[in-house]
Amino acid sequence: MKKTNLFAVLALAATPAFLHAQTTNFSDIVGYTTLNVRGKTGSANAFSYIALNVHRPVALRSVVGTKSLNGSGQSVIATSSSLTANQFSSSSNKHYVRITSGSNTGLISEIVANDTSSITVADNLNSVLDNGVTQFEVRPYWTLASAFPAGAGLKTGTSATLADTLTVIDPATGAGNAYFYSSSANQWRRGSTDSSSVIIPPGSGIMVTRKDAAAVTIQISGEVITSAIMADVAAGTSSAAKFTFLANPYPTASVSLAQSGLYTGNPATGVAAGSTGTLADTVTIFDPSTGAGNAYFYSSSANQWRRGSTDSSNVTIPEGAAVMITRKANRGAFEWYIPSPIATINQ
């Protein structure tokens, strides 16, 4: 399909062809989106929290033939598709499996190996895989080089001190590493290490530290996923809260907090409620135009999302933005299945 502006394409969401594509989990919507990075004001660096809201094209669609576990407790998925050994697992071209049918649609796992007829993923997914039934797709990860080629207009430099930096926050751990585009080596680096192939996991939030006054727009081409996407929310430690930066993975404003699925009523599967933001887990949404963040929590007394005492149920996550989920101490990790606002358009 010819590449075009995604927001124009989304206007076609109610057409029968789109609905058919959604039902089969195909994404024929191919286009580009623009991410906005603020310039700094005065001497202070500017921080922007962005998200990759389009995705790299599908490399394979298939159905689970059989499943098994290897000696490391990883799922081995047999498929009738003809594969090339290691085509999905080389260090410079890593891919992931995404479940595209059933109640676990959106669940992902990194591919660690493949032979000519099977794919091995990093996790034990056997409990959610049904032989001959479960559909899945394989996509390449975004990397620093593929998402932000040649620095994508950001300030380059010979060190992270001089250049703009991208901090990629791993949803599973909450840990972040900062990278810069080296003007001398013409590659993304962390220190002196070539980081061009560093993957950006789906659902990851990215913090851009901008050191010039001019704003930057970054245009990225890719596909729109029209069903749920899963992201991991890290557990709090025994003594402290844990912060997880997560993406709005869709090229439009996300569903509201009330529709987001972040609060499930069970603190083991979603954010924990409380009578105040001090007691509850919080969700901080950053304004892309200012960088300012507002924290929201689910009120156990009012049974609604709030900021202070204000009903915030209809607040949405901006397009191309990331949010910060603060999981309080002694609360476990959970998987957030992010509902697609594109699917909501069709309801």
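Here, residue 1 is the first one in the sequence, and each next residue gets the next number.
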key: Non-hydrogen atoms of Asn126 and Lys67 that approach each other most closely   = O-NZ, 2.8 Å

message = Tell me the closest heavy-atom pair linking Tyr141 and Ile200, and the distance in Å.
response = CD2-O, 4.1 Å

ask   = Can you name the nearest heavy-atom pair linking Leu257 to Trp305, along with the distance?
value = O-NE1, 3.1 Å

message = Between Ser227 and Arg98, do the side chains contain a donor N or O and an acceptor N or O under 3.5 Å apart?
response = yes

message = Is there a continuous path of hydrophobic side-chain contacts, each under 4.5 Å between heavy atoms, that joins Val97 to Trp142?
response = no

inquiry  = Tell me whether Val54 shares a hydrophobic cluster with Val208, the cluster being built from Ile, Leu, Val, Met, Phe, Trp, Tyr side chains joined at under 4.5 Å.
reply    = yes

message = Ignoring hydrogens and geometry beyond distance, is a side-chain donor-acceptor pair present between Ser312 and Thr310 at under 3.5 Å?
response = no

ask   = Under the 3.5 angstrom rule, does the side chain of Ser195 hit a backbone N or O of Arg190 as a donor-acceptor pair?
value = yes

message = Quick one: does any side-chain atom of Asp164 pair with a main-chain N or O of Lys155 as donor and acceptor, under 3.5 Å?
response = yes

key: Any Leu35 side-chain heavy atom under 4.5 Å of Asn53 side chain   = yes

ask   = So Val63 and Val133, side-chain contact (heavy atoms from CB on, under 4.5 Å) or not? Walk me through it.
value = CA-CA 6 Å; Val63 177; Val133 174; 5.7 Å; no

note = Heavy-atom closest pair (Pro140 atom, Pro57 atom, distance to 0.1 Å) is CD-O, 3.2 Å

key: Derivation of the side-chain contact (heavy atoms from CB on, under 4.5 Å) call for Thr156 and Leu154   = CA-CA 6 Å; Thr156 65; Leu154 295 169; over 6 Å; no

ask   = Donor-acceptor pair, Asn114 side chain versus Asn86 backbone, under 3.5 Å?
value = yes

key: Worked check of side-chain contact (heavy atoms from CB on, under 4.5 Å) between Ser196 and Leu144   = CA-CA 5 Å; Ser196 303; Leu144 290 174; 5.9 Å; no

message = Please check this pair: side chain of Arg38 against backbone of Phe47, looking for a donor-acceptor N/O pair closer than 3.5 Å.
response = yes

ask   = Do Tyr337 and Leu246 sit in the same hydrophobic cluster, where Ile, Leu, Val, Met, Phe, Trp and Tyr count as joined when their side-chain heavy atoms come under 4.5 Å apart?
value = no

ask   = Is it true that a side-chain atom of Asn248 and a backbone atom of Ile317 form a donor plus acceptor pair closer than 3.5 Å?
value = yes

request  = Supply the atom-to-atom distance Ser48 OG to Leu166 CG, rounded to the nearest 0.5 angstrom.
outcome  = 10.5 Å

inquiry  = Test side chain to side chain donor-acceptor pair (under 3.5 Å) on Ser275 and Ser301; report intermediate values, then the result.
reply    = CA-CA 6 Å; Ser275 57; Ser301 54; over 6 Å; no

message = Using a 3.5 Å distance criterion without hydrogens, assess whether the side chain of Asp281 forms a donor-acceptor pair with backbone atoms of Phe297.
response = no

ask   = Which atom pair, heavy atoms only, marks the closest approach of Leu125 to Ser109?
value = CD1-CB, 3.8 Å

inquiry  = Is there a path of hydrophobic side-chain contacts, each under 4.5 Å between heavy atoms, that joins Ile111 and Leu83?
reply    = yes

ask   = Can you check side chain to side chain donor-acceptor pair (under 3.5 Å) on Thr165 and Arg210, steps first, answer last?
value = CA-CA 7 Å; Thr165 58; Arg210 178 70 172 153; over 6 Å; no

query = Is Leu129 reachable from Tyr96 through a run of hydrophobic residues whose side-chain heavy atoms are each under 4.5 Å from the next?
reply = yes

task = I would like to know whether Phe148 and Tyr181 meet ring pair (Phe, Tyr, Trp, His ring centres under 6.0 Å); could you show each step before the answer?
result = CA-CA 9 Å; Phe148 307 101; Tyr181 194 83; over 10 Å; no

request  = Could you tell me whether a side-chain N or O of Lys242 sits under 3.5 Å from a main-chain N or O of Ala234, the two making a donor and an acceptor?
outcome  = no

remark   = Between the CZ atom in Arg306 and the OG atom in Ser299, the distance rounded to the nearest 0.5 Å is 5.0 Å

inquiry  = Quick one about Ser118 and Asp115 (side-chain donor to acceptor, distance below 3.5 Å, no hydrogens or angles considered), yes or no?
reply    = yes

query = Are any side-chain N or O atoms of Asp287 and backbone N or O atoms of Ala292, one a donor and one an acceptor, separated by less than 3.5 Å?
reply = no

note = For Asn131 and Gly65, the nearest pair of non-hydrogen atoms, with its separation, is CB-O, 3.3 Å

inquiry  = Can you confirm whether the side chains of Asn266 and Thr264 place a donor and an acceptor under 3.5 Å from each other?
reply    = no

query = Would you say Leu69 and Asn124 make side-chain contact, with heavy atoms under 4.5 Å?
reply = yes

ask   = Is there a donor-acceptor contact under 3.5 Å from the side chain of Thr84 to the main chain of Gln87?
value = no

ask   = Tell me, do Phe286 and Val323 make a side-chain contact under 4.5 Å, heavy atoms counted?
value = no

task = For Lys94 and Val198, indicate whether the former's side chain and the latter's backbone hold a donor-acceptor pair under 3.5 Å.
result = no

task = Could you tell me whether the side chains of Asn314 and Ser256 share a donor-acceptor contact shorter than 3.5 Å?
result = no

